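Quantities reported herein were computed from a predicted structural model and do not represent experimental measurements.
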Amino acid sequence: MKHTQTNKQNQRISRISESTLVIGTDIAKFNHVARAFNYRGIELGKRCLFQNDENGLLNLLAWAESIMQEHMLTDVILGVEPTGHYWFPLYHYLNQRGIAVVLVNPHHVKKSKELDDNSPTKNDIKDAKVVAKLVIDGRYTQPQLPEGVYADLRVLMNQRDRLCGDLNRVKGRIHNWLDRFFPEYTQVFKDWEGKASLITLRHFPLPQDVVAAGETKVVATWKKNDVQRAVGTKRASLLHRKAQKSIGLTEGATAAKHELAMYLEQYSMLCRQIEQLMGFVADLVEQIPGATHMMSIPCIGLVTVAGFLAEVGDLSGYDHSQQIVRHAGLSLRENSSGLHKGETTISKRGRCRLRALLFRAALTMIAKNPEFRALHRYFTTRRDNPLKKKQSMIAICNKLIRVLFELGRRQKNYDTSKVLGPHREAQLQAAA
């Protein structure tokens, strides 16, 4: 693996020749900074300040063209530090015009900014130079932005994460409202998100509303709104008794009703939007080869596969599954020096959403999937080098990546006999 990385860096370095103009840019929201260097790291011309619009990018191209003509250069490569989302329009605009845009790791910029002046000073002009020097050293990567159905899938799954976050916040506010005005409500409806519960909260939100309406009217309201089972006179009687003895707040009742009505409206809207969005996601996933085979894994559903493909992109762009492990930030990081051997941890240098998605999926797999549960038991109880539970979880995540990668690439359904293999099955039997 290290040899492969060295070869790739050598290829990046060899790409920059005597005729190459290297431009380092520091990206902001409104104003950008660019500095130009030759292949030896000698700065050419003055720095360029340009705005984040078409006129600004045209000024950047004109500035680069003048330097290339002056120094008789024929090629240009532009390095960007991808912090935030402001670099996307610049990349899209320049890539359409044939300008090679590469990315420099923000961690590398932070670590190497003191090499020239031995100072922790940070500013846009200095960062642009650091970015260019890293490009000259071959410490850059090619942008691999999703295209086509994968781009649509990433946008939708990112939106789903935001909607689910908003929904959880609204749920928390409803819980807070119940704790203040009707704390006994959850003794009647353990799940306040049920159909009968939501109808009750909309029509009789406060304890005094329940008492004033009476049991008969509450039951009639449920039946009128097509609640035919699970609740009836017994539940209405319990609700009425709890409302009579409620210790909830009674002041500010009018505003409290209005507050809960807004929360319930937001809750219904977010649930509807998530359901509609997942319909679009399902249609997109059906278009991706191998996606249905990935969902043949027990306990792996649409959300996991869609989230995985949204973060990873086209599986044909990877040579092996270990690249996805590194992409997720799940590769191991050693911390040792001399006789000291520190704890090995994961790098966390990758897509945090992909890492979180895999961890949640691994929790479900260990709980419900027989093969992965047996594998987790083996990792944590084996005689030689037993793993802690969290370490085993990381190993399960990496195993899940390999399984998803193979099923998606080969377009084959999940086979329990091939998940562990004969060697691993022998180990599991010996451990048992």
Side-chain angles (χ1 to χ4, degrees), residues 82 84-89 92 143-175 191-195 198 262-315 317-318 324-325 327-330 348 350-369 393 396-397 400-401 403-405 407-408:
H85 53 271
Y86 307 121
W87 67 277
F88 289 116
H92 179 71
Q144 293 183 348
L145 296 182
E147 299 178 352
V149 64
Y150 298 98
D152 292 333
L153 193 59
R154 177 172 293 185
V155 172
L156 289 177
M157 293 306 293
N158 289 345
Q159 180 64 13
R160 181 187 180 275
D161 288 345
R162 287 189 288 269
L163 290 176
C164 289
D166 294 340
L167 181 61
N168 288 332
R169 281 187 286 273
V170 171
K171 289 180 180 180
R173 290 169 187 149
I174 295 176
H175 278 291
D191 181 14
W192 65 265
E193 298 183 68
K195 184 177 181 180
L198 291 175
M262 288 193 301
Y263 291 156
L264 293 175
E265 183 179 356
Q266 293 172 8
Y267 171 83
S268 300
M269 179 191 68
L270 290 170
C271 290
R272 185 175 62 255
Q273 289 179 344
I274 292 175
E275 183 180 0
Q276 182 182 19
L277 183 143
M278 290 309 298
F280 295 148
V281 169
D283 293 338
L284 292 176
V285 169
E286 289 180 357
Q287 303 175 28
I288 299 177
T292 55
H293 301 86
M294 296 164 71
M295 284 189 286
S296 67
I297 304 175
C299 310
I300 295 296
L302 175 63
V303 174
T304 301
V305 172
F308 180 80
L309 294 173
E311 295 295 317
V312 173
D314 190 355
L315 294 178
Y318 298 89
I324 302 179
V325 172
H327 188 60
L330 291 173
K348 294 187 179 181
R351 301 195 66 84
C352 58
R353 285 183 175 175
L354 176 59
R355 194 162 58 248
L357 174 81
L358 291 168
F359 192 84
R360 291 193 299 268
L363 286 172
T364 305
M365 298 290 284
I366 290 174
K368 299 182 179 180
N369 187 290
M393 288 291 299
I396 294 296
C397 288
L400 181 58
I401 289 176
V403 173
L404 290 171
F405 180 77
L407 296 184

Separation of [Y] [atom2] from [X] [atom1] (nearest 0.5 Å):
X: Leu407; Y: Ile297; atom1: CG; atom2: CD1; value: 5.0 Å
X: Leu330; Y: Leu354; atom1: CG; atom2: CG; value: 7.0 Å
X: Ser268; Y: Gln266; atom1: OG; atom2: CD; value: 10.0 Å
X: Met295; Y: Thr304; atom1: CE; atom2: OG1; value: 10.5 Å
X: Leu358; Y: Met365; atom1: CG; atom2: CE; value: 11.0 Å
X: Phe359; Y: Leu363; atom1: CZ; atom2: CG; value: 5.0 Å

Nearest heavy atoms of [X] and [Y], plus distance in Å:
X: Arg355; Y: Ala328; answer: NH1-O, 2.8 Å
X: Trp192; Y: Leu198; answer: O-CD2, 3.7 Å
X: Ala310; Y: Arg154; answer: O-NE, 2.8 Å
X: Tyr263; Y: Val170; answer: O-CG1, 3.5 Å
X: Val281; Y: Ala306; answer: CG1-CB, 3.5 Å
X: Ile300; Y: Ala361; answer: CD1-CB, 4.2 Å

Heavy-atom distance under 4.5 Å between the side chains of [X] and [Y], does that happen here?
X: Phe280; Y: Val155; result: no
X: Leu284; Y: Ile288; result: no
X: Arg169; Y: Asp166; result: yes

Practice problem: For a side-chain hydrogen bond (donor to acceptor under 3.5 Å, both in side chains) with Tyr267, tell me which candidate from Glu193, Lys171, Arg173, Arg272 qualifies. | Solution: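 With Tyr267 as partner, side-chain hydrogen bond (donor to acceptor under 3.5 Å, both in side chains) holds for just one option, Glu193.
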Practice problem: In sequence, state the C-alpha distance, the side-chain angles, and the governing distance for Leu270 and Gln273, and then conclude on side-chain contact (heavy atoms from CB on, under 4.5 Å). | Solution: CA-CA 5 Å; Leu270 290 170; Gln273 289 179 344; 3.9 Å; yes
Quiz item: Taking it one step at a time, do Met393 and Ile366 satisfy side-chain contact (heavy atoms from CB on, under 4.5 Å)?
Solution: CA-CA 9 Å; Met393 288 291 299; Ile366 290 174; 3.0 Å; yes
Exercise. Check the pair Arg360 / Leu357 against side-chain contact (heavy atoms from CB on, under 4.5 Å), numbers first and verdict last.
Key: CA-CA 5 Å; Arg360 291 193 299 268; Leu357 174 81; 4.0 Å; yes
Quiz item: Given Glu311 and Asn158, is the side-chain contact (heavy atoms from CB on, under 4.5 Å) satisfied, shown in steps?
Solution: CA-CA 10 Å; Glu311 295 295 317; Asn158 289 345; 4.0 Å; yes
Practice problem: Look at the side chain of Tyr318 and the backbone N and O of Val312, then say whether any donor-acceptor pair between them is shorter than 3.5 Å. | Solution: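 Answer holds: yes.
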